[in-house]
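Whatever order the structure lists them in is the order used to number ligands and atoms, beginning at 1.
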Amino acid sequence: MEDHGFYINGGWTKASGRKRFETTNPATGEVLATFPAGTKEDVDAAVTAAATAFSKWRDTPAPKRGLIMLEAARIMRRRKEEIAAVVTKEMGKVIAEGRGDVQEGIDFLEFMAGEGRRLYGETTTSELPDKFCMTVRQPLGPVGLITPWNFPVAIPMWKSVAALLCGCTVVFKPATLTPLCGAKICEVYEEAGLPPGVFNMVTGFGGVVGDGIIEHPGIRGVSFTGGVETGREVYQKAARRLIKVGLELGGKNAVILMEDADLDLAMDGIVFGAFGTAGQRCTATSRLIVHKDIFEDVLGRITERAEALRLGNPIDPKTDVGPVASPDQEKKVIEYIGIGKKEGAKLLAGGEKLRGGAYDKGFFIKPTVFEAKRTHRIAMEEIFGPVLSVIKVNDFEDAIGVSNGVKYGLSSSIYTNDINRAFKAIQRIEAGITYVNAPTIGAEVHLPFGGVKDTGFTREAGSAAVDEFTYEKAVYIDYSGRLQRAQLDTEKLTK
Ligand code: NAD
């Protein structure tokens with residue numbers, strides 16, 4: 001077991017003499033490491049390091065910052081198996097998905113390294129003669145990154161790579177459940193040659209460390225991914241300070257399954273979308289909206305497929321579904337299963353913990369399928385676990401209405417072989433992402449990622465990622481050698 005400190009100013013602080021918390025394996029209960037629970041003073045030390053390092057990092061040419069990202073990609077690729085195993089042990093996703101989590105980090109490092117040679121602004125005309133106009137991107141300054149546990153490498157990498165490439169320095173708070181993954185990220189950046197103070201990590205609890213970051217006067221922007229209620233609090237606190245905020249919040253993502261769809265293809269996608277990562281992806285398929293003509297057939301197929309999934313230790317490559325990430329997660333999911341039963345939804349598969357032997361040490365919940373009404377809470381609220389609600393609809397219009405009838409708007413999908421319907425769905429579904437003939441999961445790093453409605457408004461990844469961590473400066477260069485007055489002199493010209 002490792003005892004860690006914080007990562008501040010290019011080094012690890014001493015682990016001793018502080019209140020600590022443990023990080024554990026949700027499959028086995030094994031304690032993996034201990035970390036210090038940060039205080040406002042610890043946040044202050046990290047922000048001071050980030051603020052001190054800022055001007056030199058800002059002045060480092062962006063292509064050079066990109067080269068460090070490329071080096072970090074090389075290191076992460078070399079250490080992929082080791083870091084993937086840490087993801088799986090600390091968070092509980094199956095090892096293939098642990099590798100995917102790390103690969104997403106590598107992909108984004110490589111993508112953003114190239115952005116170092118773009119970071120485009122605009123040049124444009126002036127209304128006055130002998131005057132040149134352009135925009136340049138400036139980094140916000142030291143920024144705070146607050147992340148959840150479900151993608152413990154990919155999400156911190158999405159945020160940090162974009163922030164660092166843009167010239168920001170970083171104070172990072174990993175989720176309390178996954179600080180060890182955060183420590184691996186610090187190691188990669190250090191080996192890649194990031195200067196001291198450019199990337200700092202303070203571990204601990206949201207109400208103290210997260211709060212401390214948002215409220216620190218040295219922090220110029222915050223990027224947050226997590227639940228809606230926490231996001232609302234973060235937004236309000238940041239609003240009081242008038243700083244820029246990025247918000248990526250919850251989801252209740254639906255697949256629409258039309259009567260003309262290829263059902264074998266759809267079943268593969270839906271099972272992967274609903275039960276991959278034990279349903280704990282923000283883009284997980286948690287609603288299946290099915291045309292009435294194929295409803296009974298689909299209920300039978302999906303129940304059979306859910307029951308066939310192998311639940312077990314996620315480090316075993318033969319396991320399909322691992323545990324949920326924590327006792328709190330387990331409690332919440334079991335509560336929602338109870339709510340579903342009470343509301344009168346029909347339980348078709350799962351619906352309980354897996355018990356006995358080694359399972360008693362972990363948080364294993366059987367893949368669960370309900371036949372639900374569109375108004376049931378289990379069909380409207382984010383559960384964030386292996387629970388799928390199957391809902392019957394009359395036709396395409398009805399399906400779009402149900403898909404849009406929740407407060408979230410992150411990912412969405414339609415299975416159909418009718419090209420007209422596919423395009424209509426793309427146009428009408430209120431969500432940041434729509435897949436056609438693929439499940440609600442599987443974002444690629446060179447496209448923008450984010451949602452609408454209660455999911456938030458930020459776009460991460462893709463070229464849009466730089467918007468979150470920069471501001472545009474307008475630059476006017478007058479080479480006329482005399483005072484030229486915008487608006488006033490222009491008016492004269494038109495007379
Ligand atoms: P959470 O909101 O409980 O915590 C997220 C982070 O915020 C953690 O680091 C936590 O310690 C910190 N935090 C908690 N209280 C805080 C406070 N008062 N001030 C500042 N920070 C605070 O979420 P979680 O349980 O870690 O993650 C699950 C949620 O994240 C789900 O709702 C899921 O949909 C969402 N999520 C969204 C996306 C997306 O891109 N839209 C991606 C992944 C996860």
Enquirer: Is there any salt bridge (charged side-chain N to carboxylate O under 4.0 Å, His left out) pair reaching into residues 152-169, and which pairs are they, with sequence neighbours excluded?
Expert: Lys159-Glu460
Enquirer: Between ligand 1 and the protein, find all N/O pairs closer than 3.5 Å and give the distance for each.
Expert:
| residue | atom | partner | partner atom | Å |
| --- | --- | --- | --- | --- |
| ligand 1 | 2 (O) | Gly227 | N | 2.9 |
| ligand 1 | 2 (O) | Thr230 | OG1 | 2.7 |
| ligand 1 | 9 (O) | Thr147 | O | 2.7 |
| ligand 1 | 9 (O) | Lys173 | NZ | 3.2 |
| ligand 1 | 11 (O) | Lys173 | NZ | 3.0 |
| ligand 1 | 18 (N) | Glu233 | OE1 | 3.2 |
| ligand 1 | 23 (O) | Gly227 | N | 3.4 |
| ligand 1 | 25 (O) | Trp149 | NE1 | 3.0 |
| ligand 1 | 26 (O) | Trp149 | NE1 | 3.2 |
| ligand 1 | 30 (O) | Gly226 | O | 3.3 |
| ligand 1 | 32 (O) | Glu382 | OE1 | 2.7 |
| ligand 1 | 34 (O) | Glu382 | OE2 | 2.5 |
| ligand 1 | 41 (N) | Leu249 | N | 3.4 |
| ligand 1 | 41 (N) | Leu249 | O | 2.7 |

Enquirer: Before accepting this row, confirm whether a basic side-chain N of the pair Glu187/Arg79 lies closer than 4.0 Å to the acidic partner's carboxylate O.
Expert: yes
Enquirer: Return the set of residues passing side chain to side chain contact (heavy atoms under 4.5 Å, CB included) with Lys89 (not counting sequence neighbours), or none when no residue passes.
Expert: Asn25, Leu32, Ile315
Enquirer: So Phe384 and Trp149, would you call those rings parallel, tilted or perpendicular, with 30° and 60° as cut-offs?
Expert: perpendicular
Enquirer: Can you name the residues that form a side chain to side chain contact (heavy atoms under 4.5 Å, CB included) with Lys341, not counting sequence neighbours?
Expert: Ile337, Leu347, Phe370
Enquirer: With the threshold set at 4.0 Å, does a side-chain nitrogen-carboxylate oxygen contact exist between Arg459 and Asp467?
Expert: no
